[in-house]
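As the structure lists them, so they are numbered: ligands from 1, and atoms in each ligand from 1. All values below come from the heavy atoms of this structure, side chains included, with hydrogens, waters and symmetry mates left out.
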Amino acid sequence: MRSVSEYWSSAARRAEPYAPGDQPGGKVIKLNTNENPYPPSPKVLSALREAVGPDLRLYPDPTAAKVRSTAAKLYGLSPEEVFVGNGSDEVLAFAFQAFFHQDKPIRFPDITYSFYPVYARLYQIPVEVVPVTEGFAIRAADYYRSPGGVIFPNPNAPTGLLLALEEVASIARENHGQVVVVDEAYIDFGGESAAPLVRQYPNLLVIQTLSKSRSLAGLRIGLAFGSAELIEGLNRIKGSFNSYTMDRLALTAAEAALEDSEYYSEICQKVIQTRTALLNRLEELGFRGTRSKANFVFAAHSHIPAKEIYEKLKERGIYVRYFPAPRINNYLRISIGTPTEMDALTAALADIVQHPHA
Ligand code: PMP
């Protein structure tokens with residue numbers, strides 16, 4: 001295929017699309033896209049079964065009113081302070097369009113979610129990339145007084161490192177007049193959400209997803225919490241793009257999932273326990289991992305290159321994520337699976353480490 005088509009607009013020519021992790025079919029151990037190893041709540045599945053019926057001929061509620069009020073209750077907010085979108089990737093894309101400017105650079109870390117540079121490029125937002133420390137930590141003060149706003153994940157991806165809530169608050173406080181977007185895709189695996197702070201900081205937008213801790217990656221549900229002013233900004237973009245980004249089944253599942261926090265805290269606890277056990281075992285095998293507060297670990301081996309381990313695992317049907325990017329190209333990001341999957345992983349790793357050139 002030609003690299004540029006004469007039919008493409010300048011946006012299509014400029015685009016450098018995000019490369020998602022492989023979605024292999026068949027019988028593999030899939031630890032490459034941070035899905036939850038446990039199923040959605042039984043209440044979600046039964047609500048979905050009920051929703052499959054004649055009402056599917058009707059359009060869904062374009063305002064997602066029920067989901068917004070259920071989500072608002074989780075953090076003592078009002079429905080006007082909540083936005084619902086088709087996965088948090090969509091909410092992030094809307095936030096770039098609603099709050100960032102083509103003449104003022106935004107800041108994000110050099111090691112972070114690789115979709116941010118993709119959106120910045122597509123929407124022509126200039127960027128000041130801020131290096132994380134040697135140990136991959138985000139330094140809050142580096143983000144103070146950004147010319148055009150700030151975006152970062154907390155915990156960060158793919159490092160899993162968590163920034164303390166006071167530090168998140170300080171970034172919002174020190175960016176008066178600019179929007180600070182905190183992407184909390186992994187917050188339920190060991191962090192404390194900044195959502196309750198949106199009343200105090202009208203420039204703070206907190207984005208979450210039901211893909212990870214609520215086991216619904218397959219249905220595409222993302223949330224944003226922010227001042228009514230910010231939420232209205234997102235609605236202006238959404239209403240200029242697609243009134244019905246959320247289908248009836250996704251809305252039904254989202255509401256049931258947000259109502260069953262008891263089930264989800266239990267599975268998050270299991271993931272956290274498995275993460276601790278995996279990090280210990282990896283250390284015994286010669287890996288050094290970050291102190292991840294997410295549903296993945298980020299680890300490098302003392303002498304075997306990450307790319308080699310990644311390829312050997314793949315040959316054995318075990319998929320993990322490898323990023324051939326500066327500073328992190330000797331690390332693997334491994335999603336937390338079930339204890340049985342972790343046993344298979346660590347057995348394969350033990351074999352690879354013992355026979356590195358086989
Ligand atoms: N933010 C971060 C940091 C992520 O890792 C992901 C998952 N790829 C997302 C957002 C998007 O998640 P989703 O669109 O499934 O809500």
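Ion pairing between Glu90 and Lys238 fails under the 4.0 Å rule for side-chain N and carboxylate O. For Asp61 and Lys66, the salt-bridge test fails: no basic side-chain N is under 4.0 Å from an acidic carboxylate O. The pair Arg281-Glu284 meets the salt-bridge criterion, since a charged nitrogen lies less than 4.0 angstrom from a carboxylate oxygen.
Each of the following atoms of ligand 1 lies closer than 4.0 Å to a heavy atom of Ala185: 1 (N), 2 (C). Counting the atoms of ligand 1 from 1 in the order shown, those under 4.0 Å from a heavy atom of Gly87 are 14 (O), 16 (O).
Counting heavy atoms under 4.0 Å from ligand 1, residue Glu90 does not touch it at all. If you look at Ser88 next to ligand 1, the close heavy atoms, those under 4.0 Å, come from the backbone and the side chain alike.
Looking from atom 7 (C) of ligand 1 to the surrounding protein, the closest heavy atom is Lys212 NZ, 3.1 Å. In terms of protein heavy-atom proximity, atom 14 (O) of ligand 1 is nearest to Arg220 NH2, 2.7 Å. Here the heavy atom of the protein found nearest to atom 3 (C) of ligand 1 is Asp183 OD2, 3.4 Å. Looking from atom 8 (N) of ligand 1 to the surrounding protein, the closest heavy atom is Tyr113 OH, 3.2 Å.
Looking at ligand 1, you won't find any N or O of Asn34 less than 3.5 Å from one of its N or O atoms. Residue Ser211 has at least one N or O atom closer than 3.5 Å to an N or O atom of ligand 1.
For the residue pair Asn295 / Ser213, no side-chain donor-acceptor distance below 3.5 Å is found, with atom types taken as modelled. For the residue pair Tyr310 and Asn32, no side-chain donor N or O sits within less than 3.5 Å of a side-chain acceptor on the partner. Side-chain atoms of Tyr116 and Asp183 form a donor-acceptor pair, as typed in the model, at a separation below 3.5 Å.
For the ring-ring contact (aromatic ring centres under 6.0 Å, His included) with Tyr119, the qualifying choice from Phe94, Phe96, Phe99 is Phe96, the only one to do so.
Distances from ligand 1 to the non-hydrogen atoms of Tyr186 include at least one value under 4.0 Å.
Looking at Tyr186 and Lys293, their side chains never come closer than 4.5 Å, going by heavy atoms from C-beta outward.
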